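Remarks on the structure that follows.
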There are 2 protein chains.
Amino acid sequence: MTRQSTTAEAAPSEQRKPTRREQILAAAAELFAHRGFHGVGIDDIGSAVGISGPGLYRHFRSKDAMLGEMLVAISEKLLAGGRRRVELAGGPEEALTELVRWHVDFALDNQALITVHERDLANLAEDDRRRVRALQRQYVEVWVDVIREVVPATDEPTARAAAHAVFGLLNSTPHSKHLDRDAMAVLLHRMAMAALTGPGALSGLTPTD
Amino acid sequence: MTRQSTTAEAAPSEQRKPTRREQILAAAAELFAHRGFHGVGIDDIGSAVGISGPGLYRHFRSKDAMLGEMLVAISEKLLAGGRRRVELAGGPEEALTELVRWHVDFALDNQALITVHERDLANLAEDDRRRVRALQRQYVEVWVDVIREVVPATDEPTARAAAHAVFGLLNSTPHSKHLDRDAMAVLLHRMAMAALTGPGALSGLTPTD
DNA sequence: GTCCACTGTTAGCGGTCGTTAACGCGAGCT
DNA sequence: AGCTCGCGTTAACGACCGCTAACAGTGGAC
């Protein structure tokens with residue numbers, strides 16, 4: 001058996017010609033996003049990268065392993081980036097702005113992965129699913145904390161639901177290709193900020209004080 | 001062959017004990033929403049309604065026909081409801097409010113269908129897919145028109161993207177069950193309205209005027 | 001020059017899935 | 001009473017799919 005790391009090991013830093021594994025994962029993500037995990041065959045993925053069918057097993061243990069690896073990788077990247085933005089920010093307002101900017105950029109640059117992420121989670125193997133769920137929860141946590149700092153008197157369940165709602169808004173990017181990237185980024189950023197911080201959106205919801 | 005209508009024929013009005021076909025469609029929707037169309041077997045659907053496997057073929061021509069019928073039905077219902085709300089409204093602002101309310105209620109009451117709707121469209125047969133796409137487009141059109149009336153100086157592509165973004169926000173409902181239905185409805189309504197009409201959200205985006 | 005790890009091929013297996021065939025049975029009409 | 005028809009059953013078929021086995025070329029290490 002060839003060497004196969006369970007998760008990505010080389011930190012996927014900047015410019016580097018993509019590994020074969022990465023090429024395959026990218027192609028698989030595109031296919032999964034379009035037809036769903038079970039709607040895509042091994043042969044489809046293979047021919048998408050120029051090799052045919054079972055040749056993939058030189059790079060991955062199984063089809064489930066591909067899904068697992070790509071969802072774990074994306075979840076880790078999302079969480080790490082979000083945390084970094086919050087740490088670097090000078091205050092809650094800036095943290096929220098940076099968080100939105102981060103998520104917008106991420107969604108625009110990883111449309112296929114975003115789609116698969118919220119679509120085929122249920123098709124993951126038990127271990128990977130727990131892993132991804134944990135990472136997702138932590139990412140939401142980051143948002144919840146920032147939201148509650150910027151909009152005080154927001155109870156936690158509401159902040160959590162609001163975070164999910166904003167994710168839905170920002171992840172809508174695969175459904176509309178009518179605008180170019182920059183215009184889309186600006187639009188999504190403004191709408192998200194308005195939804196969260198606009199007067200009469202979150203504020204004044206809870207019957208507190 | 002038993003009688004099988006291509007689309008729903010009896011207007012699905014109010015109280016009426018659900019047909020067998022409707023029971024089956026509801027169960028199938030739940031399963032499809034969770035594991036994806038190709039991740040659900042005929043036997044799964046059957047046992048979900050108490051019969052086993054091929055008994056379903058007394059009610060539907062094929063598995064694809066189930067998906068087709070439920071997506072066409074939901075798309076028609078969504079469009080019809082949206083149009084009615086706009087017609088009954090006294091002006092653009094009220095129209096937008098009613099449109100949001102309608103979509104919120106719909107999403108909260110049909111979570112499984114909403115999920116399948118934006119997930120397994122690609123797995124539809126050619127004919128049904130075209131049909132659903134057309135209905136979706138018309139529904140977006142309704143929103144675009146109202147948005148451009150309420151927020152003038154919004155160009156059409158922007159309004160379209162904004163509509164999709166709001167759909168994403170409102171359809172986030174299956175991802176967060178932390179709030180009860182009413183609280184969720186209020187939250188989503190306010191966030192959507194803020195995202196669309198809030199100062200600095202849509203308005204002032206285009207370099208017009 | 002030899003070797004071997006890496007990466008790819010084709011053939012085939014075992015299981016699953018959608019669908020059909022053949023049959024059964026109770027309810028309601030004549 | 002008998003026939004029909006709606007609704008369900010089980011058995012089985014053919015296709016497909018994930019995966020393994022067996023084999024092969026190529027390129028770098030020594």
Side-chain angles (χ1 to χ4, degrees), chain A residues 1-6 9-10 17-29 31-32 34-71 116 120 122-128, chain B residues 1-5 9-10 16-29 31-32 34-71 116 120 122-128:
Chain A
M1 188 192 290
T2 55
R3 175 188 51 76
Q4 301 207 352
S5 57
T6 310
E9 73 211 351
K17 73 175 173 189
T19 315
R20 205 73 230 272
R21 314 185 92 233
E22 293 171 336
Q23 291 179 38
I24 294 171
L25 284 184
L31 290 169
F32 290 165
H34 202 69
R35 302 209 295 269
F37 179 69
H38 289 295
V40 176
I42 282 292
D43 294 348
D44 299 325
I45 306 174
S47 65
V49 294
I51 73 182
S52 226
L56 294 170
Y57 287 81
R58 298 292 157 199
H59 304 276
F60 293 92
R61 196 186 335 108
S62 68
K63 190 188 169 193
D64 299 80
M66 296 185 209
L67 184 63
E69 190 159 322
M70 80 194 203
L71 287 196
V116 178
D120 282 315
N123 298 98
L124 273 179
E126 179 63 21
D127 293 348
D128 288 333
Chain B
M1 187 193 291
T2 55
R3 176 188 51 77
Q4 300 208 353
S5 58
E9 73 212 350
R16 212 183 72 244
K17 73 177 174 190
T19 314
R20 205 75 230 271
R21 313 185 91 235
E22 293 172 336
Q23 291 179 38
I24 294 171
L25 284 183
L31 291 169
F32 291 166
H34 203 70
R35 301 208 297 269
F37 179 69
H38 290 294
V40 177
I42 281 292
D43 294 350
D44 298 326
I45 305 174
S47 64
V49 294
I51 72 181
S52 225
L56 295 170
Y57 286 81
R58 297 291 157 198
H59 305 275
F60 293 93
R61 196 183 339 106
S62 68
K63 190 187 169 195
D64 299 81
M66 296 184 209
L67 184 63
E69 190 160 323
M70 79 193 202
L71 288 196
V116 178
D120 283 314
N123 297 74
L124 273 179
E126 179 63 20
D127 293 348
D128 288 332

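Per chain, numbering begins at 1; letters A, B, ... match sequence-line order. Since we're looking at a predicted model, the values are computed, not measured. All heavy atoms count here, side chains included; hydrogens, waters and symmetry mates do not.
- Using a 4.0 Å heavy-atom distance criterion, V49(A) is classed as making no nucleic acid contact.
- Heavy-atom minimum distance, M70(A) versus A29(A): CE-CA, 3.5 Å.
- The separation between I45(A) atom CD1 and dG18(D) atom C1' is 11 Å, rounded to whole Å.
- D128(B) contributes no side-chain N or O that, together with a main-chain N or O of A125(B), makes up a donor-acceptor pair within less than 3.5 Å.
- Following rounding to the nearest Å, F60(B) (CZ) and dG18(C) (C1') show an atom-to-atom distance of 16 Å.
- In this structure, the nucleotide among dG18(D), dG8(C), dT10(D) sitting nearest to the side chain of I51(A) is dG8(C).
- The OH-P distance, from Y57(A) to dT10(C), rounds to 16 Å in whole Å.
- At whole-Å resolution of the value, CZ in R61(A) and P in dT20(D) are 11 Å apart.
- One interatomic measurement links the two molecules: CG of D64(A) to P of dG18(D), which rounds to 10 Å at whole-angstrom precision.
- Of the side-chain N and O atoms in R20(B), one or more sit less than 4.0 angstrom from OP1 or OP2 of dG8(D).
- Atoms CD1 and CD1, on I24(B) and I45(B) in that order, are 9.0 Å from each other to the nearest 0.5 Å.
- One atom, CD1 of I42(B), and another, P of dT20(C), lie 10 Å apart when rounded to the nearest Å.
- Within the nucleic acid shown, G55(B) comes within 4.0 Å of at least one base atom, counting heavy atoms only.
- Between the CG atom of D43(A) and the P atom of dG8(C) there is a distance of 15 Å, rounded to whole Å.
- Nearest heavy-atom pair across K63(A) and Y57(A) is N-OH, 4.3 Å.
- Between the CG atom of L56(B) and the C1' atom of dC17(C) there is a distance of 13 Å, given to the nearest Å.
- A48(B) and L31(B) make their closest contact through CB-CD1, 4.2 Å (heavy atoms, listed as atom of the first residue, atom of the second, distance).
- Of all nucleotides listed (dG8(C), dT19(C), dG18(D)), dG8(C) comes nearest to the side chain of R58(A).
- Put simply, H59(A) has a side-chain N or O that comes within less than 4.0 Å of OP1 or OP2 on dG8(C).
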